[in-house]
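One-based numbering along the sequence shown. Computed from a predicted model, the values in this text were never measured in an experiment.
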Amino acid sequence: NHFESNKNLAKRRICQNTITLTGQTLSFAMETIYVILISTLKTSSTDHHSYITIYANFIWCLVTITHICTSPDMMRSFF
């Protein structure tokens, strides 16, 4: 049945696109704050340049956790 195959295809695509709009929005906000923080630190002093990679790893960890926590499919997979 053509309708059933389209329905299965739609369901599979929904499961593949599990990152939600909420997750994208929160991630964008975190990345924006990160860029502002790094720009401020670079222009204000030279003492904090060694911490930029630590800040970057921390932000990407938060982005990943945000994507997992805002997606119902990913939450079911991990927890």
dist Ile38:CD1 -> Ile33:CD1 (nearest 0.5 Å) comes out at 12.5 Å

Under a single-linkage definition using a 4.5 Å side-chain heavy-atom cutoff for Ile, Leu, Val, Met, Phe, Trp and Tyr, are Ile59 and Leu37 assigned to the same hydrophobic cluster? yes

Value for OG1 (Thr22) from NE2 (His67), rounded to nearest 0.5 Å, stands at 10.5 Å

State plainly whether one hydrophobic cluster holds both Phe58 and Ile65, where clusters connect Ile, Leu, Val, Met, Phe, Trp and Tyr through side-chain heavy atoms under 4.5 angstrom apart. no

Discussion item. Let me check something: do Trp60 and Tyr34 share a hydrophobic cluster, defined by ILVMFWY side-chain heavy atoms less than 4.5 Å apart, either directly or through other members?
Written reply: yes

Closest non-hydrogen atoms of Gly23 and Thr70, given as atom of the first, atom of the second and distance, are CA-OG1, 3.2 Å

When every non-hydrogen atom of Glu31 is compared with those of Val63, the smallest separation belongs to OE2-CG2, 4.2 Å

